[in-house]
Protein chains: 2
Amino acid sequence: MTTKRTSRPLTLRDVSEASGVSEMTVSRVLRNRGDVSAATREKVLTAARTLGYVPNKIAGGLASQRVNLVAVIIPSLSNMVFPEVLGGISAELDDTGLQPVVGVTNYSPSREDAVLYDMLSWRPSGVILAGLEHSLPARAMLDNVGLPVVEIMDIDGDAIDTAVGISHRRAGAEMAAEILAAGYRRIGFIGTHMPEDHRARKRLAGFEEHLAQAGITLAAREYYQGGSSLQKGRELTERILAREPELDFLYFSNDMIGAGGLLWCLEKGYDIPGKLGLAGFNGVDLLDGLPMRLTTTDARRVDIGRRAARIVAGKEPRPENGIVALSPTFLPGDTIRKG
Amino acid sequence: MTTKRTSRPLTLRDVSEASGVSEMTVSRVLRNRGDVSAATREKVLTAARTLGYVPNKIAGGLASQRVNLVAVIIPSLSNMVFPEVLGGISAELDDTGLQPVVGVTNYSPSREDAVLYDMLSWRPSGVILAGLEHSLPARAMLDNVGLPVVEIMDIDGDAIDTAVGISHRRAGAEMAAEILAAGYRRIGFIGTHMPEDHRARKRLAGFEEHLAQAGITLAAREYYQGGSSLQKGRELTERILAREPELDFLYFSNDMIGAGGLLWCLEKGYDIPGKLGLAGFNGVDLLDGLPMRLTTTDARRVDIGRRAARIVAGKEPRPENGIVALSPTFLPGDTIRKG
DNA sequence: CTGAAAGCGCTAACAA
DNA sequence: TTGTTAGCGCTTTCAG
């Protein structure tokens, strides 16, 4: 491998000169476009390799007006859920020549605006972003970008272009149904106090509505700030049970705090699921291996990523109504009484 | 917000015409470069906003030969460790105008080559990548890019340009020292069988060398394939203890399987840390909240990300020898006997 | 199958 | 303080 120490990055012209082939033909070879004789192709590839040429996509993108980037905008990387969505997106994009570029908003609408603006300035081929709730500036940017825009995770609301996700209201309602069917009646809720966590909010709304239909209201609720952890789950569980010892079920807004609650309850000798049932949300398989499997709802994260990517890549048509509804799946686990 | 439905994306020229200011001056306003009168600035900003103009960084990058992107290449997003590194990078890059672009290799050298090639073709301002071991093509690409290249996580080996990380040999050796000091002698190891997981390999080497100095060899070892999970930790722990019931310590190659092992041992009634000690690696605080805190080593993930980003951003000079060595920190936890 | 010319949208460098 | 000119490195288009 000849490594000529160049301060200036190599250009097509360098390869052209080294191979004695016109820039245009070099470009064709390097992109596998159009017909090029085997001999010419060989000359070009050899020259490119020995020089160590790396094409300049900035220039290419400007000339072709096409950029193989997909903007992916998510609230966080630090819990298990978005990395899994990303995995689905990345897997499905793999054979399309498209590349995901990730922006993280930390659940801040203003950061979402900034990240979106920044990503759009790269003129990507599509945008995938979490949630249906966006600021006015963000909506304005997205309304007329003229690219596929896929909003993921949630389908309870209006999509700008296309939405791929589950109904969190339904997920909440279905969990309520399972809990009631199992005979629990004094139910507490533990969740984040994040005004911006719209999906958790909708889940709780669906949950409470279903309870209300059975004439039941939440017997207690406990909110917390900041990230989820086992430790947090323990503390909140202790607190809510201290306040309301008669609770017979705890619905957690995610599996992580649910698992913390589960560990605490087991240590304290609670009869689970006999006297006290527990459920989380997400279906994080990382937690398989706890003393009991936490009852939860699979939020279909990987599938959501895949479907969103397929639509952006044009592998799958955008549905008429713009909604791709996946079904949240109840995972019974061991922490709810069996019907 | 006037939303003119345009198929063609807006250009500087549109803003120029709408505001009656030359393109060049519009450009200056939008980038806060050079002196522009307040009146002109106002005209431009108003026009840009009402049109909904989003600059084209592709064109800007080509013209200025500078791109505010930092390529970050990591093996995986699906365990806790790299997202945390990313968090550090992202936090430190926040006020620099640089933006991280993440590529994932899934621990495959050939994917690393592909991802690196792809990212370099965007002409980023710097490259941060995990590990010191790279394929020949990757080294060739990096040797002469003429950008800051920071290899992270590991410092046991030769850096291309700069390395920021911990010595995994040392981390392994120090854990061995702690284990021996606590009086354990029949020690087993449980880790991934990934030929490409160089850091785990070096940790184990440092661990065994230190044991050897005390005349001790590993009494058993158990390898596994694929990702780490609590479940996997349970299974491997059961297996190794079935084979070698006399073991008095288990060293796990990461906290996740260590935690699985811990849970299994607690259920089986092992006396921990009395008869059996356990240790992991990473210092994942997500796991705080287990019945006992697992003894482990803090791998300084966030700090590594921060320092790497600082160097790429030029906030901090590249050290003479190209090595930024952070100290792995022993976290005693509850699963090792106290000296 | 190969090449020449024109320009993508912006900014560096210079001029006014 | 503002404007003009000339590209950045590639691909589109059209001609051979």
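Naming: A, B, ... by sequence-line order, numbering from 1 per chain. Just so it is clear, the values below take in all heavy atoms, side chains as well, and ignore hydrogens, waters and symmetry mates.
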Which protein N or O atoms sit under 3.5 Å from an N or O of nucleotides 6-8 of chain D?
| from | atom 1 | to | atom 2 | distance (Å) |
| --- | --- | --- | --- | --- |
| D:dC8 | O3' | B:Q65 | NE2 | 2.9 |
| D:dC8 | O2 | B:L62 | O | 3.4 |
| D:dC8 | O2 | B:A63 | N | 3.1 |

To the nearest 0.5 Å, what is the distance between CZ (A:R307) and CD1 (A:I89)?
13.5 Å
Does D:dG3 have OP1 or OP2 under 4.0 Å away from a side-chain N or O of B:S22?
yes
Any chance you could measure B:Q65, atom CD, to A:R8, atom CZ, to the nearest 0.5 Å?
10.5 Å
A:S16 side chain to A:L12 backbone, donor-acceptor under 3.5 Å:
no
B:M119 vs B:V127, test: side-chain contact (heavy atoms from CB on, under 4.5 Å). Steps then yes/no.
CA-CA 9 Å; B:M119 306 221 105; B:V127 178; over 6 Å; no
Using whole Å, report how far CD of B:E23 lies from C1' of D:dT2.
14 Å
Which residue, B:T25 or A:K57, contacts DNA chain D at a nucleotide closer to its 5' end, judged by nearest heavy atom?
B:T25
Residue pairs meeting side-chain hydrogen bond (donor to acceptor under 3.5 Å, both in side chains), one or both in residues 76-88 of chain B, sequence neighbours left out, come to B:S76-B:S78, B:E84-B:R301
Nearest-Å distance for atom pair CD/P, residues B:E42 and D:dT1:
16 Å
Name every residue in residues 27-41 of chain A that has at least one heavy atom under 4.0 Å from any atom of DNA chain C, in order of residue number, or write none if there are no such residues.
A:R28, A:D35, A:V36, A:S37, A:T40
Report which part of the nucleic acid A:R123 touches: base, sugar-phosphate, or nothing (heavy-atom distance under 4.0 Å, all strands).
nothing
Rounded distance (Å) that lies between atom P of D:dT4 and atom CE of B:M24:
12 Å
At a heavy-atom distance below 4.0 Å, which nucleotide of DNA chain C is the first touched by chain B, and which is the last?
C:dG9 to C:dA13
Residues B:D158 and B:R139 bridged, charged N to O under 4.0 Å:
no
Distance (rounded to the nearest 0.5 Å) between A:L129 CG and A:I152 CD1
7.5 Å
side-chain hydrogen bond (donor to acceptor under 3.5 Å, both in side chains): pairs with one or both residues in residues 115-130 of chain B, sequence neighbours excluded:
A:K57-B:D118
By nearest-nucleotide position on DNA chain D, the 5'-leaning member of B:G20 and A:T11 is B:G20
Would you mind listing every salt bridge (Lys or Arg N to Asp or Glu O under 4.0 Å) that reaches into residues 93-114 of chain A, with sequence neighbours excluded?
A:D94-B:R111, A:D95-A:K315, A:R111-B:D94
Taking A:D154 for the side chain and A:R199 for the main chain, is one N or O donor matched with an acceptor at less than 3.5 Å?
no
To the nearest 0.5 angstrom, please state how far the CG atom of B:L30 sits from the CD atom of B:E23.
12.0 Å
